[in-house]
Visitor: 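Encoded as structure tokens, here's the structure I'll be asking about.
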Amino acid sequence: MSDESRSGAAATDPDDDFLYRGSRLGLPENGPGSVPGVMRRLVGLALDWLLATLIVTGALNAGLIGQELSLAAEGGGEPEALALTNFTTVSTLVVFAAVNILLLTLFGTSVGRRLVGVGIIATGERSWPWFVSMAVRTLLLCLVIPAVVYDRDTRGLHDRAAGTITTRY
């Protein structure tokens with residue numbers, strides 16, 4: 001293969017038109033509608049997780065969930081305490097997913113994301129209903145690995161699968 005044909009093939013590579021995060025999707029470089037940095041999104045995620053933790057802790061303390069496990073953990077040993085910890089962790093994950101699916105479907109953002117000025121928009125890659133996209137996105141986010149593998153636009157695999165991208169307000 002000659003050098004000219006190789007350079008011609010490289011010029012048609014879709015990654016060559018990368019200028020900044022979101023440029024290939026027609027998003028602005030800065031300001032509202034631009035793609036936020038990873039730290040801003042992580043802070044929003046941490047705030048959402050904290051909210052889910054507070055909801056589960058409040059429900060446990062009010063006796064709405066896990067009454068038997070709480071009583072067993074108070075009077076029992078290490079296995080009972082471990083069972084309560086596992087229950088609390090799984091409950092937090094379920095609450096996190098449910099709150100995210102609900103808020104993302106209704107508002108395109110969640111409490112933590114809104115506090116840091118981040119929202120989710122569709123890219124037009126999927127013709128799914130918005131609820132389905134948010135459910136797929138959130139469930140893949142809960143698996144963690146799809147969220148930490150991302151492209152040049154800092155779109156994680158969960159965003160690519162759902163046909164969404166994170167933008168600033």
Side-chain angles (χ1 to χ4, degrees), residues 21-22 27 32-123 125-169:
R21 292 185 312 241
L27 300 175
S34 65
V35 178
V38 173
M39 282 308 297
R40 180 183 296 247
R41 295 189 333 229
L42 284 175
V43 170
L45 179 70
L47 291 172
D48 286 339
W49 187 263
L50 178 63
L51 176 65
T53 302
L54 291 174
I55 290 171
V56 169
T57 302
L60 275 170
N61 290 337
L64 299 175
I65 59 172
Q67 294 172 343
E68 296 84 18
L69 284 173
S70 294
L71 291 174
E74 286 176 12
E78 190 173 324
E80 289 81 5
L82 182 61
L84 180 62
T85 301
N86 290 341
F87 175 77
T88 305
T89 304
V90 171
S91 298
T92 302
L93 183 63
V94 169
V95 168
F96 173 81
V99 167
N100 268 280
I101 291 170
L102 177 70
L103 293 178
L104 290 176
T105 299
L106 295 176
F107 306 112
T109 192
S110 61
V111 174
R113 286 181 184 89
R114 183 65 184 150
L115 288 173
V116 296
V118 170
I120 309 297
I121 62 169
T123 60
E125 296 171 314
R126 304 279 182 270
S127 60
W128 299 343
W130 186 244
F131 172 78
V132 173
S133 291
M134 293 305 98
V136 166
R137 183 186 189 283
T138 300
L139 294 176
L140 289 173
L141 176 66
C142 289
L143 293 176
V144 178
I145 298 299
V148 297
V149 177
Y150 54 88
D151 61 10
R152 286 183 175 182
D153 293 320
T154 63
R155 284 179 69 200
L157 294 179
H158 65 302
D159 273 325
R160 293 184 65 98
T164 59
I165 189 165
T166 305
T167 60
R168 291 183 187 171
Y169 274 120

Visitor: Tell me whether Y150 at atom OH has more than 12 heavy atoms from other residues, nucleotides or ligands lying less than 6.0 Å away.
Guide: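 Atom OH in Y150 is not crowded, with 12 or fewer foreign heavy atoms closer than 6.0 Å.
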
Visitor: Which heavy-atom pair separates P36 from V118 by the least distance, and what is that distance?
Guide: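 What the structure gives for the nearest pair is CG-CG2, 4.0 Å.
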
Visitor: Is a donor on one side and an acceptor on the other found under 3.5 Å between the side chain of W130 and the backbone of L104?
Guide: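 Yes; judged by distance alone, with no hydrogens or angles, the pair exists.
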
Visitor: For the residue pair L141 and A147, what are the closest heavy atoms and their distance?
Guide: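 Nearest heavy atoms, L141 then A147: CD1-CB, 3.6 Å.
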
Visitor: Do you know which two heavy atoms are closest between R41 and T154, and how far apart they sit?
Guide: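 Smallest heavy-atom distance, with atoms named: NH2-O, 2.8 Å.
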
Visitor: Under 4.5 Å between any side-chain heavy atoms of R21 and L27, yes or no?
Guide: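 Heavy-atom side-chain distance check fails, nothing below 4.5 Å.
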
Visitor: Rounded to the nearest 0.5 Å, what separates atom CD1 in I165 from atom CD1 in I121?
Guide: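 Nearest 0.5 Å value for the CD1-CD1 distance: 6.5 Å.
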
Visitor: Is there a side-chain contact (heavy atoms from CB on, under 4.5 Å) between L140 and L157? Walk through the geometry before answering.
Guide: CA-CA 8 Å; L140 289 173; L157 294 179; over 6 Å; no

Visitor: Evaluate whether atom CZ of F131 has more than 12 neighbouring non-hydrogen atoms of other residues, nucleotides or ligands under 6.0 angstrom away.
Guide: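 No, because the 6.0 Å sphere around CZ of F131 holds 12 heavy atoms or fewer from other groups.
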
Visitor: Test D153 against D151 for side-chain contact (heavy atoms from CB on, under 4.5 Å), laying out the working first.
Guide: CA-CA 5 Å; D153 293 320; D151 61 10; 3.6 Å; yes

Visitor: What distance separates T123 OG1 from R160 CZ, expressed to the nearest 0.5 Å?
Guide: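 T123 OG1 to R160 CZ: 9.0 Å, rounded to 0.5 Å.
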
Visitor: Between T166 and R113, do the side chains contain a donor N or O and an acceptor N or O under 3.5 Å apart?
Guide: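 Judged by distance alone, the side chains do not pair up.
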
Visitor: Of all heavy-atom pairs between A83 and L69, which one has the smallest distance, and what is that distance?
Guide: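 Closest approach of A83 to L69: CB-CD2, 3.9 Å.
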
Visitor: Calculate, to the nearest 0.5 Å, the distance between atoms CG and OG belonging to L60 and S70 respectively.
Guide: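 If I round to the nearest 0.5 Å, the distance is 5.0 Å.
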
Visitor: Using the side chain to side chain contact (heavy atoms under 4.5 Å, CB included) definition, which of the options L50, L45, L51 pairs with F96?
Guide: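 Option passing the side chain to side chain contact (heavy atoms under 4.5 Å, CB included) with F96: L45.
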
Visitor: Rounded to the nearest 0.5 Å, how far apart are CG of L54 and CG of N61?
Guide: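 Those atoms lie 10.5 Å apart.
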
Visitor: When rounded to the nearest 0.5 angstrom, what is the spacing between CD1 in I120 and CG in D159?
Guide: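 Atom-to-atom, I120:CD1 and D159:CG are 5.5 Å apart.
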
Visitor: Could you tell me the separation between the CD atom of E80 and the CG atom of L84, rounded to the nearest 0.5 Å?
Guide: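 CG of L84 is found 10.5 Å from CD of E80.
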
Visitor: Taking all non-hydrogen atoms of both residues into account, name the closest pair between R168 and G37 and its distance.
Guide: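 What the structure gives for the nearest pair is NH2-N, 4.3 Å.
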
Visitor: Between T138 and N100, do the side chains contain a donor N or O and an acceptor N or O under 3.5 Å apart?
Guide: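 No, no side-chain donor-acceptor contact under 3.5 Å.
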
